[in-house]
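Down below is the structure, laid out as structure tokens.
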Protein chains: 2
Amino acid sequence: MRMWLKEIRLQKNLTQEQTAFKSNISRSYYTHIESGVKKPTVETAKDIAFALEFKWTNFFESQCSLKEQ
Amino acid sequence: MRMWLKEIRLQKNLTQEQTAFKSNISRSYYTHIESGVKKPTVETAKDIAFALEFKWTNFFESQCSLKEQ
DNA sequence: CTGTGACTGGAAGTCCGTG
DNA sequence: CCACGGACTTCCAGTCACA
């Protein structure tokens with residue numbers, strides 16, 4: 001579970017669907033990423049990070065940590 | 001061509017084979033990466049970056065630039 | 001609105017022959 | 001000895017459909 005991701009999303013009052021849309025990926029894939037099942041590529045990570053306004057390296061620095069920024 | 005990669009390697013006086021070995025990947029795969037044919041995963045990028053002592057994000061910040069650091 | 005299993009195209013990574 | 005690159009296999013990012 002990538003709690004930090006979920007938390008960032010909720011802080012922005014976005015649904016998974018809205019976030020997925022802003023990131024140009026499918027809703028279900030975003031769900032997989034948030035749950036930790038799938039790991040995004042760098043490109044996708046950048047898109048999501050841009051959509052939620054955090055730095056994309058978060059995905060690869062703190063794999064599953066609760067760190068929020 | 002990822003010239004910046006080659007240059008870093010040469011600066012350290014390492015062959016492709018030695019670098020590949022230090023990065024735990026095959027020699028030919030390292031060749032592919034240096035030539036720009038293949039794109040390493042984050043994990044592999046980290047390994048190579050560690051072997052050649054530069055920051056792994058270089059791979060994803062400056063795709064094919066001549067930027068050296 | 002979210003979770004998840006099944007599926008697939010394409011890319012990661014290797015092997016091996018060549019220059 | 002060192003590097004290039006085609007051919008091949010394996011695996012997983014990303015989607016769809018259903019719950």
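Naming convention: chains lettered A, B, ... in sequence-line order (proteins, then strands); numbering from 1 in each chain.
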- Note on the structure: Contacts satisfying salt bridge (charged side-chain N to carboxylate O under 4.0 Å, His left out) that involve residues 25-34 of chain A (not counting sequence neighbours) are A:R9-A:E34
Those residues that, when tested against [X], pass side-chain hydrogen bond (donor to acceptor under 3.5 Å, both in side chains) (two or more places apart):
{"X": "A:S35", "value": "none"}
{"X": "B:S23", "value": "none"}
{"X": "A:K38", "value": "none"}
{"X": "A:K22", "value": "none"}

- Query: Think B:K6 has a side-chain N or O under 4.0 angstrom from the OP1 or OP2 of D:dC4?
  - Reply: yes
- Taking salt bridge (Lys or Arg N to Asp or Glu O under 4.0 Å) as the test, write out the residues that go with B:K12, two or more places apart. B:E53
- Could you tell me from which nucleotide to which nucleotide of DNA chain C, 5' to 3', there is an atom under 4.0 Å from chain A heavy atoms? C:dC1 to C:dG5
- Item | Rounded to 10 degrees, the angle between the two terminal axes of the helix from C:dT2-D:dA19 to C:dG19-D:dC2, each from five pairs | 30°
- Message: Between A:W4 and A:F54, is the ring centroid distance below 6.0 Å?
- Response: yes
- Note on the structure: Residues of residues 12-23 of chain B with a heavy atom under 4.0 Å from any atom of DNA chain D, listed by number, are B:T15, B:Q16, B:E17
- Query: Can you tell me if CD on A:Q18 sees more than 12 non-hydrogen neighbours from other groups inside 6.0 Å?
  - Reply: yes
- In Å, rounded to the nearest 0.5 Å, how long is the span from OH of A:Y30 to OG1 of A:T44? 13.0 Å
- Note on the structure: Quick tally for nucleotides 5-16 of chain D: nucleotides whose base has a protein heavy atom under 4.0 Å get B, sugar-phosphate-only ones S, the rest -, giving BB------BBBB
- Item | A:A45 to A:F60 - nearest heavy-atom pair and separation | CB-CE1, 3.8 Å
- Task: Could I get the full list of side-chain contact (heavy atoms from CB on, under 4.5 Å) partners for A:S28, not counting sequence neighbours?
- Result: A:S26
- Message: Determine whether a donor-acceptor pair (N or O, by modelled atom type, separation under 3.5 Å) exists between the side chain of A:K55 and the backbone of A:K46.
- Response: no
